[in-house]
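Taking it in order: structure first as structure tokens, then the write-up.
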Amino acid sequence: MGEGRGGGDNAGRRGLLQGFTDGTLAMTVPNRAIRGRVLTFSDDPQTAGAKAHDFIEDGLVVIAEDRIAAVGEASALLGTLPDGVIVDSYPGGLILPGFIDTHIHYPQTQVIASYGAQLLDWLERYALVEEQRFGDSGHAAAVAAFFLDELARNGTTTAAVYCTVHPESAEAFFAESARRNTRMIAGKVLMDRNAPAALQDTAERGYAESKALIEGWHGKGRQLYAVTPRFAITSTEAQLEAAGALLKEHPGCHMQTHLSENRREIETVRTLFPWAENYTAVYDRFGLLGPRALFGHCIHLEDAERRLLSESASVAAFCPTSNLFIGSGLFDRAKAQDPAFPLRVGLATDVGGGTSYSLLRTLAEAYKVLQLQDQNLPALEAFYAITLGNARALGLEDKIGSLAPGREADIVVLDATATPAMAHRRERVETLEEELFLLMTLGDDRAVQATYISGQRQHFQAGDH
Ligand code: GUN
Ligand code: ZN
């Protein structure tokens, strides 16, 4: 690696630099390429139709350091590569942008698969017990490493991540993410009531700790900060106001919280904020809505709430495995697309309320949630959702979510024959859409052959088939 760099090898640069959008890249020479069947999206297939995706049967993605330098036919690009460029070939493999998860809890890796409770009991019995361990930086660092390994194994290269109330948990997470050069959005949870004493901060402390983390990590390399009030039940009005102040002072930060997941949760919010017209109005009162605001679940929304979310361009995170497992309800995609007040929607795993790190498994459950409501999820729309769709939901579509010159080199390679059952079913597949639907219905981490993060292969498994 690297032999092609810096030696004035102009022949090697032929035809590769014209697509660059970032002037700083113009001096960078390709050092790696990935060959296989390339699929990427430039728009939403639901609205833009067939022109929303590009598919190249024998394609090449050329990487220069941490960015994509070129994407095209292998036959056209191979001859332009400088000597010494590594070409990773995946015959039959499907090369896609790395997957993006818009809502997940890293401290819940040992909460996932906890039996028999709906939301508020589940939090009390499981999640809020486990999260107490994260005041210990060593524990937080070990779990952050496990979590990021697991995301890479599942092809996920970016996520919006909840830490715990302890600033140490966010420090540990960002440090591990920075070490791997993953683009992550994360934040320390704000929680100053209705939680175990060991998990409470105060409005002032939560503000100060969040501010220090923003100053330390937001925009440092690929790390981004999300102001993270857990949900209205566990924050006082003073704390929600402090969260709003943080966002005003740091407009580049995201905001993440939970909204309208469970009926008892909604009733509790009604009693805690009797002045509020509805649950969403609580967050609105404190300035928490907006294009960088991510609201987990949004299952039982009233029309007035949809209007508030729509007019503020806020994002609803649809978490199907969680909504089924915790028994919360069915996300209504058709209603979210109602032209009267359309919502921006992201797809998410919500581990550990969610039951899988895999966005392929998540698509399978999203499909079933929609089937139960006589709605559908075509395969091209599904793969758009977990790549460019989620990049747009996070406002990061100029950096991630597609395979194009200048984009960050986060890439996943899938194998639709990863298991005997998949290989057997694959024999009857005739179209790209059928192959994608097979991957989302039967696929999981076993179908992820390789994951590249910032141009480095951080996960690889040799296929059996
Ligand atoms: N609402 C508040 N906290 C949580 C959480 O950790 N998981 C889920 N699913 N819902 C929540
Ligand atoms: Zn959640």
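Keep in mind that what you see is a predicted model, and the values were worked out from it rather than measured. Whatever order the structure lists them in is the order used to number ligands and atoms, beginning at 1.
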Quiz item: What class does the angle between the rings of Phe41 and His53 fall in, given that below 30° is parallel, 30 to 60° is tilted and above 60° is perpendicular?
Solution: tilted
Note down each nitrogen or oxygen pair, ligand 1 side and protein side, whose separation is under 3.5 Å; give only atom names and the distance to 0.1 Å.
residue: ligand 1; atom: 3 (N); partner: Arg230; partner atom: NE; Å: 2.8
residue: ligand 1; atom: 6 (O); partner: Gln108; partner atom: NE2; Å: 2.9
residue: ligand 1; atom: 6 (O); partner: Arg230; partner atom: NH2; Å: 2.7
residue: ligand 1; atom: 9 (N); partner: Glu261; partner atom: OE2; Å: 2.9
residue: ligand 1; atom: 9 (N); partner: Asp350; partner atom: OD2; Å: 2.8
residue: ligand 1; atom: 10 (N); partner: Glu261; partner atom: OE1; Å: 2.7
residue: ligand 1; atom: 10 (N); partner: Glu261; partner atom: OE2; Å: 3.4

Can you find a side-chain donor-acceptor pair between [X] and [Y] that sits under 3.5 Å?
X: Thr236; Y: Arg193; answer: no
X: Ser358; Y: Asp444; answer: no
X: Asp201; Y: Gln239; answer: yes

Asn181 backbone acceptor or donor facing Arg222 side chain under 3.5 Å
yes
*Look only at the side chain of Ser169 and the backbone of Cys163, and say whether a donor-acceptor pair between them is shorter than 3.5 Å.*
no
Excluding waters, which are neither shown nor counted, protein N/O/S atoms under 2.8 Å from the Zn ion (ligand 2) come to 4
Sorted by chain and residue number, the ring pair (Phe, Tyr, Trp, His ring centres under 6.0 Å) partners of His258 (sequence neighbours excluded) come out as His103, His105, Tyr162, His297
Residues at least two apart in sequence or cross-chain that pass ring pair (Phe, Tyr, Trp, His ring centres under 6.0 Å) with Phe134, listed by chain then number, are Tyr106, His139
*Is it the case that more than 12 heavy atoms not belonging to Arg125 sit under 6.0 Å from its CZ atom?*
yes
